[in-house]
Amino acid sequence: MNLIETTLKKTIQYAIKKAFDTDIELDEIVVEEPKSKEHGDYATNVAMRLSKVLRQNPKAIAEKLLHELESKEDGIRKAEIAGPGFINFFMEAGSLSEVIAKVLSEDKDFGKTVCEDKRRWNVEYVSANPTGDLHPGHARGASIGDSLTRIMKTAGYDVTREYYINDAGNQINNMAKSLQARYLQSYGIDITVPEDGYHGKDLIEIAETVVSEVGDAYKDVDIEESLPFFRQIGLREETKKLRDDLWTFNVEFDVWTSEQSVYDRGLVERALKQLTDNGNTYVSEEATWLRTTEFGDDKDRVLVRGNGLYTYLLPDIAYHLNKKDRGFDVLIDLLGADHHGYIARLKAAIQALGYPSSDLEVDIIQMARMLKDGEEFKMSKRTGKAVSLKDLIEEAGVDAVRYYFVSRAGDTHMDLDLDMASKQSNENPVYYAQYAHARMCSILRNADVQPATSFELIIHPKESELCKIMFEFPQMVKDAAQTRQPHKVCNYIQKLASAFHAFYNECQVLNLEDARLSAQRLGLVKAVQITLRNALTLIGVGAPEKM
RNA sequence: GCGGCCGUAGCUCAGUUGGAUAGAGCGAGCGCCUCCUAAGCGCUAGGUCACCGGUUCAACUCCGGUCGGUCGCGCCA
């Protein structure tokens with residue numbers, strides 16, 4: 001809630017008290033910005049909402065409130081009743097321009113708020129297996145996860161960003177065998193990559209790295225004997241590539257946790273014991289089961305197979321327990337849509353461990369469907385016929401790709417036309433925002449005076465619009481954090497950039513006859529530039545000074 | 001068959017605890033640079049918000065059903 005809206009709400013609350021002797025919570029009063037300018041700067045529907053309680057018709061209620069509202073000041077220039085009972089407020093222009101000084105003084109900190117939620121949050125995202133390149137689905141998860149954590153931090157949350165490296169399962173053995181085959185192939189040995197192995201070109205490149213490091217040292221070694229070597233070096237290289245690609249994509253993590261280390265530290269046994277101690281496991285047909293049905297899953301799940309090996313689920317539970325043990329109150333997992341069947345058992349598991357269901361929040365990131373020549377382009381990491389994150393970045397650039405993925409809600413399906421991606425340079429919305437920023441910087445560069453420190457001349461409609469939008473920024477960030485919807489930041493960016501372009505077209509800033517107005521507008525431009533830059537930073541997109 | 005997600009303009013998508021005439025970008029048409037970046041601005045065209053019913057003063061929004069798309073439903077990971 002921004003300053004102006006809060007003030008308005010209090011004014012309304014006071015008016016209701018005075019007119020009807022009725023108390024109403026501040027939270028119950030809705031003040032919003034009408035879609036149409038004719039309906040004023042802000043509007044409230046309290047009269048309609050009170051209609052039922054007070055047993056009076058909305059318009060009559062509004063009339064009485066209006067009488068009280070007009071006797072107050074609080075920057076309200078005019079209030080009027082419209083439609084079925086809305087009260088519209090027209091603000092004194094000067095009250096809006098207050099935000100400029102606030103933005104200028106807070107600068108990089110504008111948008112930050114204090115959070116009443118003091119819990120420790122852990123957000124896990126991407127967590128792609130170290131068996132090949134990141135694909136567009138991972139890119140979407142990375143964009144959203146990284147942006148979400150930036151937004152949550154700005155909204156005052158205590159957040160740790162985490163990546164879980166699945167370096168212990170079957171898929172790693174397959175990767176090792178595939179790498180081994182590529183290595184041997186490079187010495188002309190007739191051996192094929194296993195059917196269920198990984199056929200991507202990344203392993204051919206890693207095989208070349210192996211050759212350059214150890215030469216033919218493993219050429220004649222027994223296949224079984226050399227496998228651990230390829231496993232180890234394959235993991236090292238694949239993990240390094242993941243980190244590098246994510247770094248290039250401007251995506252960072254605070255903690256990288258290895259699945260192998262979960263085993264090595266005995267956490268799996270600890271988790272199994274805790275589940276059993278809580279009475280939530282049983283043995284049937286030689287396997288150990290978790291009673292997930294007790295916690296809402298549709299069937300119980302196997303933890304330890306009949307052959308004594310663990311299923312994927314158990315170490316994963318151990319990993320989540322470990323996160324709790326490390327002191328995190330709430331765990332957020334951003335999972336790909338192909339794992340949504342996994343949510344129920346994970347939520348069940350956290351309860352079986354003895355924690356409330358709300359300690360784990362799983363958000364699904366829907367797949368991005370790739371289109372090429374108007375047809376779906378199926379991807380598979382295993383066969384190597386995949387578009388990688390690196391390919392995407394080369395085609396469209398980091399900023400465009402990130403913006404594209406973050407601009408859509410994570411739970412909706414989306415299409416990405418690969419042909420469009422290459423020619424997206426002029427069509428992508430990210431350039432619209434970046435161009436606005438570059439324009440502002442250009443004005444600031446060309447200015448030969450200092451920005452003003454008071455802004456009473458900022459009363460033009462286009463200027464007031466910019467002020468209103470800036471006022472919204474901190475609340476918008478908070479809202480995006482709470483609802484875990486980074487795309488709201490993109491919507492905001494579009495709105496701010498659009499308002500600026502409109503202002504730019506109508507209002508000259510530099511070299512005006514009225515030097516005071518020029519300096520005040522310069523301050524406005526500086527404030528908008530700060531706000532836009534801060535917003536772009538929230539989603540990891542650059543704010544160029546020139547284009 | 002069961003379950004998750006989705007269905008809004010030609011395309012890709014927004015739509016703030018249910019509110020006034022449902023929006024943006026791209027694409028289409030028409031205008032705007034003697035002036036701070038025209039990667040921009042203004043205007044126009046384009047909609048039975050998949051369909052049916054219910055709740056409400058008020059439904060794109062909430063509930064039920066139907067149709068369509070998509071993903072998942074292993075002692076795989």
Side-chain angles (χ1 to χ4, degrees), chain A residues 27-28 30 32-36 38-39 43 45 48-49 51-52 57-58 82-86 88 129 131 166 168-172 174 196 259 284-289 298-299 301-313 315-316 336-344 364 366-367 369 404 407-417 420 424-436 438-447 472 475-476 479 483 485 487-488 490-491 494-495 497-498 500-512 518 521-522 525 546-547:
Chain A
D27 291 345
E28 291 178 54
V30 176
E32 56 186 4
E33 207 179 318
K35 285 165 194 161
S36 164
E38 293 159 26
H39 297 131
N45 61 0
M48 288 179 286
R49 300 184 77 91
S51 169
K52 220 169 228 175
N57 97 45
F86 287 97
N88 296 334
N129 294 345
T131 53
N166 291 108
N170 268 335
Q171 77 283 3
I172 299 303
N174 291 335
D196 54 356
E259 180 184 3
S284 170
E285 297 172 40
E286 299 186 344
T288 305
W289 297 70
D298 48 11
K299 56 181 158 183
R301 305 292 171 176
V302 173
L303 294 175
V304 186
R305 291 189 258 161
N307 60 12
L309 295 175
Y310 300 142
T311 61
Y312 176 76
L313 180 61
D316 216 16
D338 51 342
H339 291 92
H340 80 252
Y342 203 62
I343 299 175
I364 286 298
Q366 288 291 341
M367 295 282 117
R369 209 162 58 121
Y404 188 79
S407 63
R408 272 59 152 151
D411 60 1
T412 61
H413 300 274
M414 67 188 285
D415 292 344
L416 175 57
D417 191 323
M420 282 287 281
Q424 220 166 13
S425 53
N426 278 8
E427 295 169 11
N428 196 297
V430 73
Y431 293 99
Y432 181 81
Q434 291 184 321
Y435 183 57
R439 273 182 148 181
M440 295 176 213
C441 290
S442 173
I443 293 176
L444 295 168
R445 263 197 311 275
N446 292 336
E472 289 172 26
Q475 178 60 29
M476 181 280 299
D479 187 39
T483 58
Q485 296 188 314
H487 76 273
K488 290 186 172 180
C490 288
N491 292 345
Q494 287 301 306
K495 190 171 163 186
S498 168
F500 175 76
H501 283 309
F503 160 81
Y504 182 93
N505 225 255
E506 204 164 312
C507 303
Q508 178 76 17
V509 175
L510 302 178
N511 308 319
L512 296 173
S518 201
R521 282 186 173 167
L522 195 59
V525 170
K546 284 183 182 176
M547 282 177 77

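Naming convention: chains lettered A, B, ... in sequence-line order (proteins, then strands); numbering from 1 in each chain.
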Rounded to the nearest Å, what distance is computed from the [atom1] atom of residue [X] to the [atom2] atom of nucleotide [N]?
{"X": "A/Ile172", "N": "B/C76", "atom1": "CD1", "atom2": "P", "answer": "17 Å"}
{"X": "A/Arg521", "N": "B/C36", "atom1": "CZ", "atom2": "P", "answer": "15 Å"}
{"X": "A/Asn166", "N": "B/C76", "atom1": "CG", "atom2": "C1'", "answer": "13 Å"}
{"X": "A/Gln508", "N": "B/C41", "atom1": "CD", "atom2": "P", "answer": "17 Å"}
{"X": "A/Asn491", "N": "B/U12", "atom1": "CG", "atom2": "P", "answer": "18 Å"}
{"X": "A/Leu303", "N": "B/G74", "atom1": "CG", "atom2": "P", "answer": "16 Å"}
{"X": "A/Tyr435", "N": "B/G25", "atom1": "OH", "atom2": "P", "answer": "16 Å"}
{"X": "A/Asn129", "N": "B/C76", "atom1": "CG", "atom2": "C1'", "answer": "12 Å"}

Spell out yes or no: do the side chain of [X] and the base of [N] have one donor N/O and one acceptor N/O closer than 3.5 Å?
{"X": "A/His339", "N": "B/G72", "answer": "no"}
{"X": "A/Asp338", "N": "B/G72", "answer": "no"}
{"X": "A/Asn88", "N": "B/A20", "answer": "yes"}

Contact class for [X] (heavy atom, under 4.0 Å): base, sugar-phosphate, or nothing?
{"X": "A/Ala287", "result": "base"}
{"X": "A/Glu285", "result": "base"}
{"X": "A/Gly306", "result": "base"}
{"X": "A/Gln494", "result": "nothing"}
{"X": "A/Cys441", "result": "nothing"}

*Under a 90° cut-off about 0 for the syn range, is B/C5 syn or anti?*
anti

*Is the side chain of A/Thr311 donor-acceptor paired with the backbone N or O of A/Val302 at a distance under 3.5 Å, no angle test?*
yes

*Looking only at atom types and distance, does a side-chain atom of A/Gln434 sit under 3.5 Å from a main-chain N or O of A/Ala436, one as donor and one as acceptor?*
no

Which nucleotide in the set [options] lies at the smallest distance from any side-chain heavy atom of [X]?
{"X": "A/Ala502", "options": "B/G74, B/G42, B/C5", "value": "B/G42"}
{"X": "A/Val509", "options": "B/C73, B/A14, B/C36", "value": "B/C36"}
{"X": "A/Met48", "options": "B/G19, B/C5, B/G40", "value": "B/G19"}
{"X": "A/Thr412", "options": "B/C6, B/C36, B/G40", "value": "B/C6"}
{"X": "A/Gln366", "options": "B/A77, B/C5, B/C36", "value": "B/C5"}
{"X": "A/His501", "options": "B/G40, B/G4, B/U12", "value": "B/G40"}
{"X": "A/Tyr431", "options": "B/A39, B/A14, B/G40", "value": "B/A39"}
{"X": "A/His340", "options": "B/G15, B/C36, B/G4", "value": "B/G4"}

*Under the 5.5 Å and 30° test, is A/Phe86 stacked on the base of B/A20?*
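So yes, this residue stacks on that base, both cut-offs being met.
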
*For A/Arg439, what residues pass the salt bridge (Lys or Arg N to Asp or Glu O under 4.0 Å) criterion, not counting sequence neighbours?*
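Per chain and number, A/Arg439 pairs via salt bridge (Lys or Arg N to Asp or Glu O under 4.0 Å) with no residue.
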
Give a yes/no answer on whether the side chain of [X] brings an N or O atom under 4.0 Å of OP1 or OP2 in [N].
{"X": "A/Lys495", "N": "B/A14", "value": "no"}
{"X": "A/Tyr310", "N": "B/C76", "value": "no"}
{"X": "A/Tyr312", "N": "B/A77", "value": "no"}
{"X": "A/Arg439", "N": "B/A38", "value": "yes"}
{"X": "A/Arg305", "N": "B/A77", "value": "yes"}

*asked:* Can you work out whether A/Ser284 or A/Tyr504 has the more 5'-proximal nearest nucleotide on RNA chain B?
replied: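 Taking each residue's closest nucleotide, the earlier one in sequence belongs to A/Tyr504.
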
*Which sits closer to the 5' end of RNA chain B, A/Gly341 or A/Ala436, going by the nucleotide each is nearest to?*
A/Ala436

*Report the distance from atom CG of A/Leu303 to atom CG of A/Asp316, rounding to the nearest 0.5 Å.*
11.5 Å

*What integer number of Å spans the P atoms of B/G3 and B/A59?*
29 Å

*Paired stems touching RNA chain B, three or more consecutive Watson-Crick or G-U pairs with both distances under 3.5 Å?*
B:1-7 with B:67-73, B:10-13 with B:23-26, B:28-32 with B:40-44, B:50-54 with B:62-66

